[in-house]
Amino acid sequence: MLRGFVHPTCWTLLCLLLIPGMVSSCPDFCRCYGTLVQCLEPNTIFSISIFGEVENITELVIENQKDLMSLTRDDMRNFRELKNLTISSTGLELISEDAFEMNPRMTHINISSNALTSLSWRTFLHLPLQELILTGNPFHCTCDVRWIQLMRENDWADLGNQSLSCWADSVEIMLEDLYISQCDLPQVSIVRQNLTVLEGANLTIMCNVAGQPTPTVRWVVPETESYTEIEQTNTSEVEIALHLFNISPGFNKRNITCRSENIVGPREEHVQINVLFPATVVSLEEAIPQHHYCFPYTVDGNPKPEMRWQFNGRNLEMNSYIFTKTVEESENATSIHGCLYLNKPTHVNNGNYTILVWNMLGSASETVYSKFMDNPFSFNPEEPIPVSLSPEGGGNSTFVNTVETVEEHTFGVSVAVGLAVFACLFILVMLILLNKCGRHSKFGINRAAVLAQEDDLAMSLHFMNFGSSPLTSAEGKLDGTKPNFIENPQYFCDACVQHIKRRDILPKWELGEGAFGKVYLAECYNLTPDNEKALVAVKALKEATENARQDFQREAELLTVLQHEHIVKFYGVCTDGEPLIMVFEYMKHGDLNRFLRSHGPDAKILDNGNGQTYGQLNLTQMLQIATQIASGMVYLASLHFVHRDLATRNCLVGTNLVVKIGDFGMSRDIYSTDYYRVGGRTMLPIRWMPPESILYRKFTTESDIWSFGVVLWEIFTYGKQPWYQLSNTEAIECITQGRELERPRTCPNEIYSIMQGCWQREPQQRLNIKEIHKKLQALVKAPPVYLDILE
Ligand SMILES: *[C@@H]1O[C@H](CO)[C@@H](O)[C@H](O)[C@H]1NC(C)=O
Ligand SMILES: *[C@@H]1O[C@H](CO)[C@@H](O)[C@H](O)[C@H]1NC(C)=O
Ligand SMILES: *[C@@H]1O[C@H](CO)[C@@H](O)[C@H](O)[C@H]1NC(C)=O
Ligand SMILES: *[C@@H]1O[C@H](CO)[C@@H](O)[C@H](O)[C@H]1NC(C)=O
Ligand SMILES: *[C@@H]1O[C@H](CO)[C@@H](O)[C@H](O)[C@H]1NC(C)=O
Ligand SMILES: *[C@@H]1O[C@H](CO)[C@@H](O)[C@H](O)[C@H]1NC(C)=O
Ligand SMILES: *[C@@H]1O[C@H](CO)[C@@H](O)[C@H](O)[C@H]1NC(C)=O
Ligand SMILES: *[C@@H]1O[C@H](CO)[C@@H](O)[C@H](O)[C@H]1NC(C)=O
Ligand SMILES: *[C@@H]1O[C@H](CO)[C@@H](O)[C@H](O)[C@H]1NC(C)=O
Ligand SMILES: *[C@@H]1O[C@H](CO)[C@@H](O)[C@H](O)[C@H]1NC(C)=O
Ligand SMILES: *[C@@H]1O[C@H](CO)[C@@H](O)[C@H](O)[C@H]1NC(C)=O
């Protein structure tokens with residue numbers, strides 16, 4: 001019957017709508033339109049099994065077929081995708097109980113006006129039915145139709161809206177008027193008993209059923225990876241027993257079901273057994289870098305285990321830098337997955353981490369070793385430091401060694417310090433610098449020789465960014481600024497850079513590491529005439545190739561020009577011997593992002609050792625932070641600098657809540673999740689970027705304004721990552737589609753409207769930084785009244 005045949009009437013337009021693949025399997029007397037098959041021509045079909053490969057059909061309509069008498073699983077087995085089935089005005093008398101076993105997607109069934117005298121609930125109850133039309137069938141008024149009565153009461157599958165009847169001795173009775181005696185759902189009950197048992201115990205559970213017509217009953221036991229032995233016995237017709245031997249913990253939180261059914265329908269009852277077993281550590285793995293480092297662990301036990309951690313054999317105190325969090329408690333098992341989080345660990349956190357768990361039945365422990373960073377010093381940092389920085393050491397000083405031995409990817413770091421490096425904006429810096437130097441001849445412009453060919457420049461870009469310019473050198477060329485730069489080599493003025501003697505610098509402690517090298521806290525002597533020694537942050541460069549030296553020199557000259565109270569102060573360089581060092585102001589509280597996160601709502605009051613404590617930041621403090629950053633940005637904008645990577649991670653916090661723009665150049669290493677890597681070295685801070693920067697890599701003063709809006713948002717969310725709930729690609733989609741970050745809970749409307757002013761899609765429509773600074777200054781003086789926003 002199945003032939004590659006096009007119906008004769010198909011020489012119409014409709015034919016053109018046929019999906020080519022379907023034509024070959026469309027029976028002669030049916031019409032196939034894509035996924036719809038219609039067989040309306042009277043009395044041409046006596047079995048649906050005529051259809052062959054029709055797997056993609058979702059709708060089947062068969063009407064006026066008096067020879068079609070039955071419908072079985074075999075008939076339907078090819079229609080796996082079927083959703084809608086209409087069989088109407090046919091001779092259909094029988095639909096088998098398993099007819100739709102192979103059609104689990106059916107939602108609409110119309111079997112009206114056939115010759116059905118009975119129908120079983122088993123045919124339908126497993127389907128996601130929204131509509132089941134049964135009208136116009138000569139059902140017999142027996143217990144067989146009782147389920148239809150019951151389901152109508154629940155308006156299941158829209159049965160409640162149909163006018164349905166049955167026939168008893170040629171009398172038609174409406175279903176709602178029909179009473180059938182001795183015909184109801186079975187009763188099921190599980191005999192109550194103590195279901196709390198120890199692992200390995202034996203347990204017997206009894207289930208009783210009753211009902212007319214007589215129901216069948218069976219136990220449905222969950223599949224567990226368990227060594228439990230299971231036996232079912234029928235002790236009588238109405239009672240069955242489930243015997244469990246040597247019960248395993250896998251039964252916890254799983255349903256054990258006693259299922260009974262008769263012609264009227266199914267009914268079930270379930271219990272859960274509570275299997276007690278000792279606490280165990282299922283797994284403990286080495287720390288993996290996420291936003292924080294995470295030691296993933298899985299523990300199990302019933303009752304729920306208690307937990308404690310040790311570090312190198314001593315108790316590990318939990319605080320806002322080291323804490324545990326349950327990641328997932330499963331619905332159907334007792335095991336608990338979690339993380340021990342470490343916020344920016346350093347080498348002092350290297351060591352053995354031990355998890356200890358216990359409950360009333362037993363205890364367990366597991367240890368894992370983790371190393372976050374090499375110790376840069378081979379001595380105790382609290383003791384006097386036997387470091388010689390003098391170049392006379394044959395270029396082989398301790399300091400150099402420590403710098404060079406650490407090759408590991410590092411993550412980083414620790415507390416407080418600061419220094420400024422304007423990575424991305426440096427090309428523009430050059431321009432300005434030139435102008436300045438050009439006007440002020442005291443800088444001794446003489447640098448033509450320093451400037452190299454394009455290759456060097458590209459290199460220098462990378463170097464200034466400490467390994468990761470947002471723009472690749474190729475893109476930098478497109479910028480149009482670079483040629484300018486090359487044409488104006490006289491920008492560099494060696495004379496402006498202060499030189500500091502190596503013997504005056506005494507490194508104390510590693511603060512972190514980036515692609516460029518390392519940052520140390522150090523003491524510096526004779527820095528200023530009135531101060532014998534001062535704490536500074538020094539950046540030691542890893543490589544000292546000739547190119548790197550030139551870049552270093554140029555960067556130092558640029559940094560020297562940037563002098564503002566809200567830009568981290570650059571003191572000078574140390575170039576006698578290796579490594580090359582830059583000396584910056586030390587900013588005690590480290591980067592602003594970390595500072596915000598540790599002063600959020602759940603921050604304990606941390607004593608930073610100096611008696612200076614901030615609890616949760618209040619509105620005025622947040623406004624002060626924002627105002628200071630705005631002030632630094634006003635300065636940069638006045639020099640026509642484009643920062644390109646303004647974010648709280650690139651600002652530093654000193655004493656008395658002084659905030660300055662500037663960073664270690666390490667944020668791309670520490671905050672790598674804040675960047676989106678495109679191609680090898682280019683990392684873009686897309687969550688801070690406006691649509692035009694994302695789409696066209698256009699960076700302007702206006703794009704810095706957008707980022708400033710995001711910085712405000714960061715401040716008022718205590719350092720949340722913008723779009724933290726989204727992946728990079730999703731964030732890009734949201735930003736380019738024009739969605740805005742939501743108003744932070746603690747943010748008054750006045751401030752949110754500034755953010756929105758920064759996030760205008762059209763760059764020209766954004767607020768300008770001077771206005772923003774003024775507004776913020778006004779707000780600091782008269783903070784908006786806000787009611788219960790801050791809890
Ligand atoms: C069913 O659909 C799939 C993909 O939608 C297609 O690859 C396949 O060829 C179709 N089968 C038939 C018989 O049309
Ligand atoms: C099935 O029928 C319902 C109701 O008539 C209709 O809304 C739906 O679009 C149909 N679905 C398909 C796949 O034909
Ligand atoms: C069921 O199918 C028949 C025949 O196609 C049609 O006349 C009737 O309207 C359908 N019923 C519903 C509720 O869709
Ligand atoms: C079923 O009946 C109710 C009330 O009689 C009505 O609100 C509802 O729209 C009906 N549903 C359909 C699908 O006809
Ligand atoms: C149930 O059994 C457990 C262990 O056999 C026992 O600890 C618990 O007290 C019992 N509970 C009740 C309510 O009898
Ligand atoms: C559980 O039953 C098995 C087999 O009947 C028996 O060998 C074992 O001792 C029983 N265990 C307990 C804890 O009663
Ligand atoms: C008893 O056990 C048999 C198989 O062992 C099963 O077919 C039957 O449904 C069970 N229950 C009753 C109530 O007979
Ligand atoms: C156990 O049964 C209840 C009620 O039917 C259901 O809500 C729950 O999801 C089931 N639990 C599991 C683990 O299957
Ligand atoms: C960590 O554990 C290993 C193996 O038990 C041991 O050799 C090492 O000394 C431990 N390290 C520390 C710092 O306790
Ligand atoms: C427990 O439930 C999860 C989903 O909640 C499922 O993926 C897992 O397979 C279930 N485990 C068991 C043993 O049934
Ligand atoms: C330099 O350090 C290396 C490695 O520590 C050592 O092998 C070498 O002898 C040192 N050279 C001098 C001149 O100290």
**OP:** Look at the side chain of W713 and the backbone N and O of Q721, then say whether any donor-acceptor pair between them is shorter than 3.5 Å.
**Re:**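 The answer is no, because no donor-acceptor pair under 3.5 Å joins these two groups.
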Original post:
Is the closest basic N to carboxylate O distance between R105 and E81 below 4.0 Å?
Top reply: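 Looking at R105 and E81, the cut-off is met.
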Original post:
Does a side-chain N-to-carboxylate-O contact under 4.0 Å join E261 and R259?
Top reply: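 Counted as a salt bridge, because a side-chain N and a carboxylate O are separated by less than 4.0 Å.
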**OP:** Report the C-alpha distance between I715 and L596 in whole Å, list the side-chain angles of each, state the deciding distance to 0.1 Å, and finish with yes or no for side-chain contact (heavy atoms from CB on, under 4.5 Å).
**Re:** CA-CA 7 Å; I715 293 171; L596 290 168; 4.2 Å; yes
Original post:
Does NZ or CZ of R649 come closer than 6.0 Å to the centre of the six-membered ring of W688, within 45° of the ring's axis?
Top reply: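 Judged by the rule (NZ or CZ under 6.0 Å from the ring centre, within 45° of its axis), R649 counts as positioned above W688.
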Would you kindly say whether [X] and [Y] are connected by a side-chain donor-acceptor distance under 3.5 Å?
| X | Y | answer |
| --- | --- | --- |
| S335 | D300 | no |
| N332 | S330 | yes |
| N302 | T334 | no |
| N315 | R308 | yes |
| Y718 | Q616 | yes |
| T123 | E97 | no |
| N728 | R687 | yes |
| E306 | N359 | no |

Original post:
Parallel, tilted or perpendicular for F245 and H243, by the 30°/60° rule?
Top reply: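 Plane angle under 30°, so parallel.
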**OP:** Specify whether Y353 and F311 have parallel, tilted or perpendicular ring planes, treating 30° as the upper limit for parallel and 60° as the lower limit for perpendicular.
**Re:**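 Tilted.
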Taking the six-membered ring for Trp and the single ring otherwise, decide whether the centroids of [X] and [Y] are under 6.0 Å apart.
| X | Y | result |
| --- | --- | --- |
| F372 | Y293 | yes |
| W156 | F124 | no |
| F323 | H292 | yes |

Original post:
Can V264 and L150 be said to form a side-chain contact (heavy atoms from CB on, under 4.5 Å), step by step?
Top reply: CA-CA 9 Å; V264 182; L150 289 174; 3.5 Å; yes
Original post:
Just how far is it from atom CE of M622 to atom OG1 of T717, taken to the nearest 0.5 Å?
Top reply: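 Those atoms lie 8.5 Å apart.
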Original post:
Going from NZ on K371 to CG on N350, what distance comes out if it is rounded to the nearest 0.5 angstrom?
Top reply: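 The NZ atom of K371 sits 6.5 Å away from the CG atom of N350.
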